[in-house]
Amino acid sequence: MNMQVFYAVSIVSAERSDARSLKTRNAVSGERHSEEYCAMYDICGAREDGKVVNCPFGSPSVKYVLLLLLFLFIYQPDDLLSQKIQSLCPTITGNVCCSEAQFETLRSQVQQAIPFLVGCPACLRNFLNLFCELTCSPHQSMFINVTSTDKVKGNLTVSGIDFYVYDSFGEGLYESCKDVKFGTMNSRAINFIGAGAKNFTEWYAFIGRQAPLNVPGSPYAMTFKPSAPESSGMKPMNVSTYSCGDISLGCSCGDCPQSPVCANTDPPPHHEGASCAVRIGSLKAKCVDFILTILYVILVSIFLGWGLFRRKRERDQSSRMNPVSNIKDSGGVTGKKDENLPMQMLEDSPQTGSRVQLSIVQGYMSKFYRCYGTWVARNPILVLSLSLAVILLLCLGLIRFKVETRPEKLWVGPGSKVAEEKRFFDTHLAPFYRIEQLILATVPEAGAQKRPSIVTENNIKLLFEIQKKVDGIHANYSGTMVSLTDICLKPLDKDCATQSVLQYFQMDPQNLDNYGGVEHVNYCLQHYSSADTCRSAFKAPLDPSTALGGFSGNNYSEASAFIVTYPVNNVIDKEGNETDKAVAWEKAFIQLVKNELLPMVQSKNLTLSFSSESSIEEELKRESTADVITILISYLVMFAYISLTLGDTPHLSSFYISSKVLLGLSGVMLVMLSVLGSVGFFSAIGVKSTLIIMEVIPFLVLAVGVDNMCILVHAVKRQPMELPLEGRISNALVEVGPSITLASLSEVLAFAVGSFIPMPACRVFSMFAALAVLLDFLLQVTAFVAFIVFDFLRAEDKRIDCIPCRKVSSSSADSDKGIGGRRPGLLARYMKIHGTLVKIRESFMPDEEIHAPTLSLWGVKIVVIAIFAAFTLSSIALSTRVQPGLEQKIVLPRDSYLQGYFNNVSEYLRIGPPLYFVVKNYNYSSESKSFVALLLQIARASLTPESSYIAMPAASWLDDFLVWISPEAFGCCRKFTNGTYCPPDDQSPCCSSDTGSCGLGGVCKDCTTCFRHSDLNSDRPSTSQFKEKLPWFLNALPSADCAKGGHGAYTSSIDLQGYENGVVQASSFRTYHTPLNKQNDYVNSMRAAREFSSRASDSLKMEIFPYSVFYMFFEQYLDIWRTALINLAIAIGAVFVVCLVITCSLWSSAIILLVLAMIVVDLMGVMAILNIQLNAVSVVNLVMSVGIGVEFCVHLTHAFSVSSGDRDQRVRDALGTMGASVFSGITLTKLVGVIVLCFSRTEVFVVYYFQMYLALVLLGFLHGLVFLPVVLSMFGPPSRCKLVEKQEDRPSVSLRP
């Protein structure tokens, strides 16, 4: 056998010696340019940088195939060489003009370019044909002319050639390649292998340039010429080119926009905003604004016309009637009275009395409250004990109290689409990694608008110092020290995938000088995916846009910021230890930046912003405690005001007895107990609380509770002192009990129905609020009534308010001899609180009747209606401008380090969040074309980023897999002779790690490509081939010889479970969103991605969904308007139903409905004016506005319906009995509390609690105490109060004893 091998080698050597002698003879004779003749053959030397150069000797082409056929049985390696030449150069058959060494050089050189072009087979084949013909064509001498030579170590070598090739080939080559994208980086391939050439001549010039030492490129100069001299006998190379539009070659739209597949497809729809506008002269207005303006003019005109007509008719009737006869008629048994007659005169009539004919429900309620009030007054201790026992029992549930802070549990319902998608993504692929980030930026020089470049030698050295400190972090987790290498993302299971410009030095500071310092960085910014020295430590190219910021276009050298990103594993084991380790390291990371890195950077006149995955959560926790003192002061101020307003007009002589400080404190404590009882009940049944509940519900319940407290206390104080206390309590409850019940039940039902909303934050708020308001109402009519009994007994017994055990005997303390003997407070006199009972004294105090008489003027009524209608219609137009979202900077404390970080993210980042298109149940055998079509659609969508928000074509594992198995990719899919996987030549075991030797010898010398072209069907594997080679691809490590290895890049992109049947359960394609700087950008990008996926799913008959890490937080905003409107409609509708059932008055219920709707609409208009966004917090505030608005409307409307007289007089009575209570109980109490919130350190409190609450209180006051009285005075329902003879016993319920 050895003799046979030696004989074969001798034959080959002999043939080569004969060829060398032929070269010499022909060179001398001048027969150099003819068919089957070579212009340069074999390798005669190598430059100092190792690049080999050819021999400048002509020779006949060599017939390796015949030689191999003769000795096939003894020389197998030559058969492998034939296979390799055929797979790389299918157009070359028979004789060749290249030796084995030349072919291996060709293969290694084109191997560097194949990954850039293989995504478009037409381009790749054209590119390979150019170099195959140059190197191995048997007719090489017909179009190659050696023009210059050099001597290398004594051997003559080629240093320059003329390459004659038709322009048509150059044009075809360039046109097929100019738009090809490099799949991994999604950049134009020609930027890397053609220096961004604009035409084929520029590309030829780049290819033909003789490369300096240690620089990629050709070792000799090549001059491309379109025609040869006629005397030479040469002809330009005339190989056909392939068009990228050839459907059989499968170039994508991103790589070939002129492809018929792309040309025949409609462009992606561009979503325009609301563009309907009306132009009047130079004024341009939106259609909705114009329509509402016309509507307002029409409504005001109709109202004015109706008002003038009615006013004229009333004056005519008044002038024809005799006032005296009116008085006589009003005193008859018929019960009729003059509308202008004071109500006081009617009550003075000895023959008549007033009774109120209530609805059936109100009648039963009044009877119940009469009996119940008497019983409570007689048994206050029992009532107080029972009510407190029940509420304290509920508070025991606080033992299981927990606060929900996870965003996915707050904003996304359990049946949410994005929740299911995230669960699928995390389960079948991999959870999105955690992000720790540093942004190091330069400071503008004095007077300069542009920031200086960050890419300097000193800054890179500083970055290495920072990296050294970060690598030195060792966080303590349960006694174990955790470093970055323990938790970081390692695509190849070795080095961290840190995104930093230091990766251009493989994260090694020693390479800074070895590679050339900042010049190497500038070189890598342009050659980051082609130069081996620019590859990262984790063997993947680093896109400069992920590590630099503050540049325009591709001008990376002008970047003004370094962006360092540390991806950290987000895998959670059963105990959650992995995440806990990461959180522990993140805390140490933030501490290091604050204590050491920040001063270090600032000393270099640079800025540093930073963030970790847990930063927002930690800062939110700090925010929740940052304003505790502010909130407590707010509640203390409200308590102080409540204590004062419940008492009488202060007199120094009796203030310590008439004050109600202890009663106010008791009421506030009951409000707090109702909140705690609600939280305790839901905690007991396993419902977690939220920060919104803890911040909003006490404010809401206090508003409702204080109002009820004021109404109850003032109602008791209005009763004649001649009655016993139990009679006064009973009468007071009969007077105000139905309205309190009506308001409370309306609020409870409004909130309770909101618990069916899918958004957890709103649903949980509605549940807690409904129960808290219900408990507050029950405590008000039980425990607080008992406290009122105790307080009035204390006052009658002349005991000091805050020290009831002490009793005084001073005559000056006798201040409670009757309601007529007490001077009403300022609010009472302003609202005319005593109404009909102080008729004679008030007739001498006209100056004290201000509010109601002013509103009774017709001119005032018209102005009020016109102003409120204008503001409501304006608010409707303004509400369309309210944007969904919640700015992260608003939620955080003003002194948070994240404030600067978010500012820098918006300023410097030039790429958006990663976007994955996930395909479920992909069947390769039947859906391979659909897969390609999906990638084409993504590429097309990236051409219109302003509407699609897709920045670049998707990186496709399928495309890279097809590249990896293609015969052209010699170093990728390879197999040993036994059929097992053979790695690239620069990987173990082909490349010995001990000796560092890599080459064609060794254990991998017999490795061949997995397939030939003939083994594939249109360059695509069969289903069985797909099943066999896909695991090889996903386990293949990328390297210089094969950058397409799928391990690391696509390990988490495919779920191989069950793939044996040809179905991939889950696979993803990664691209990026465009930079997203505003909340609206995030919402619109998510909406655009979903719409794109929906269209693609319908057209391709595949199940596709988009996924990005921020979708979990922003899904709520896709339907936030729908959620808000449904919430508000349910709340207002519930109030309307309760009012209708209890009052049996459609008229009254409709007016309440109108006023509530106006309050909500006007509040939304104020949101637009103040640029307050629509989110869960503002939705909760809007729903809460319905509850507080009820307090402004229901009590006044009820008092109006049970008053007698004309509408103006009934409005005066209603304002007198309820106006001051509502004004002091809600408006002023809330004002003094809200004003304190403006001093909050957190912007969210200032915006959503101070501004919105202040607007809510003011709007509630204006609508409830200004607009509503005017509406009632003009359109109010008939009075339920009827004049009857006192001897008659009517079944109606009397409001007076």
Side-chain angles (χ1 to χ4, degrees), residues 302-319 321 323 326-327 329-330 335-347 354-359 739 831-836 839 842 849-869 1139 1143-1155 1158 1192-1219 1222 1262-1283 1295:
I302 295 175
F303 174 73
L304 288 176
W306 173 83
L308 293 175
F309 172 76
R310 179 180 175 184
R311 185 63 175 165
K312 182 176 182 302
R313 187 178 63 178
E314 289 179 352
R315 287 179 177 177
D316 293 342
Q317 291 177 351
S318 177
S319 62
M321 296 178 65
N326 291 341
I327 296 176
D329 292 341
S330 65
K336 297 180 181 179
K337 65 180 187 296
D338 191 314
E339 291 184 346
N340 296 322
L341 186 66
M343 186 64 187
Q344 293 86 338
M345 295 180 62
L346 291 172
E347 293 189 353
S354 62
R355 286 183 178 270
V356 179
Q357 294 181 338
L358 301 174
S359 66
S739 66
M831 292 290 181
K832 192 185 175 234
I833 190 171
H834 294 284
T836 60
K839 47 190 176 296
E842 287 185 346
E849 300 180 22
I850 302 174
H851 189 72
T854 303
L855 294 180
S856 65
L857 300 175
W858 263 96
V860 174
K861 293 180 181 180
I862 292 175
V863 171
V864 167
I865 295 292
I867 292 177
F868 277 81
C1139 292
T1143 64
C1144 295
S1145 172
L1146 181 62
W1147 201 331
S1148 299
S1149 303
I1151 290 177
I1152 293 174
L1153 177 68
L1154 171 66
V1155 177
M1158 291 180 66
F1192 281 105
C1193 302
V1194 168
H1195 300 301
L1196 202 65
T1197 305
H1198 175 75
F1200 176 83
S1201 64
V1202 298
S1203 299
S1204 60
D1206 62 4
R1207 288 193 176 100
D1208 287 336
Q1209 182 61 43
R1210 290 162 60 197
V1211 166
R1212 293 190 184 190
D1213 292 343
L1215 287 173
T1217 54
M1218 289 296 177
V1222 172
L1262 293 173
H1263 285 80
L1265 297 179
V1266 177
F1267 178 74
L1268 179 60
V1270 171
V1271 172
L1272 291 175
S1273 68
M1274 300 181 69
F1275 311 104
S1279 174
R1280 293 181 178 273
C1281 185
K1282 304 297 181 182
L1283 295 177
L1295 290 181

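FYI, the numbering just counts along the sequence from 1.
Every residue two or more places apart in sequence or in another chain that forms a side-chain contact (heavy atoms from CB on, under 4.5 Å) with Leu857 is listed here: Val860.
Counting heavy atoms from C-beta outward, Arg1207 and Phe1200 have side chains that approach closer than 4.5 Å. Two residues are said to be in side-chain contact when any heavy atoms from C-beta on lie closer than 4.5 Å; Leu1215 and Pro1269 meet this criterion. With contacts defined as side-chain heavy-atom distances shorter than 4.5 Å, the pair Leu1262/Phe1267 does not qualify. Between Ile1151 and Pro1277 there is a side-chain heavy-atom pair separated by less than 4.5 Å.
Between atom CD1 of residue Ile1152 and atom OG1 of residue Thr1197 there is a gap of 4.0 Å, rounded to the nearest 0.5 Å. Put simply, CE on Met1274 and CD1 on Ile862 are 7.0 Å apart, with the number rounded to the nearest 0.5 Å. Taking SG of Cys1139 as the reference point, atom CG of Leu1146 lies at 11.5 Å (rounded to 0.5 Å). From Leu1272, atom CG reaches atom OG of Ser1148 across 8.0 Å, with rounding to the nearest 0.5 Å.
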Carefully, step by step, assess Val1271 and Ile865 under the rule side chain to side chain contact (heavy atoms under 4.5 Å, CB included).
CA-CA 8 Å; Val1271 172; Ile865 295 292; 4.1 Å; yes
Might you work through the side chain to side chain contact (heavy atoms under 4.5 Å, CB included) test for Asp1208 and Lys861, ending with a clear yes or no?
CA-CA 11 Å; Asp1208 287 336; Lys861 293 180 181 180; 2.9 Å; yes
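A centroid separation of less than 6.0 Å is found between the aromatic rings of His1263 and Phe868.
Closest of all the heavy-atom pairs between Val1155 and Cys1193 is CG1-SG, 3.3 Å. When all heavy atoms of Ser1149 and Thr1143 are compared, the closest pair comes out as OG-OG1, 3.8 Å.
At least one donor-acceptor pair under 3.5 Å links the side chain of Ser1273 to the backbone N or O of Val1270.
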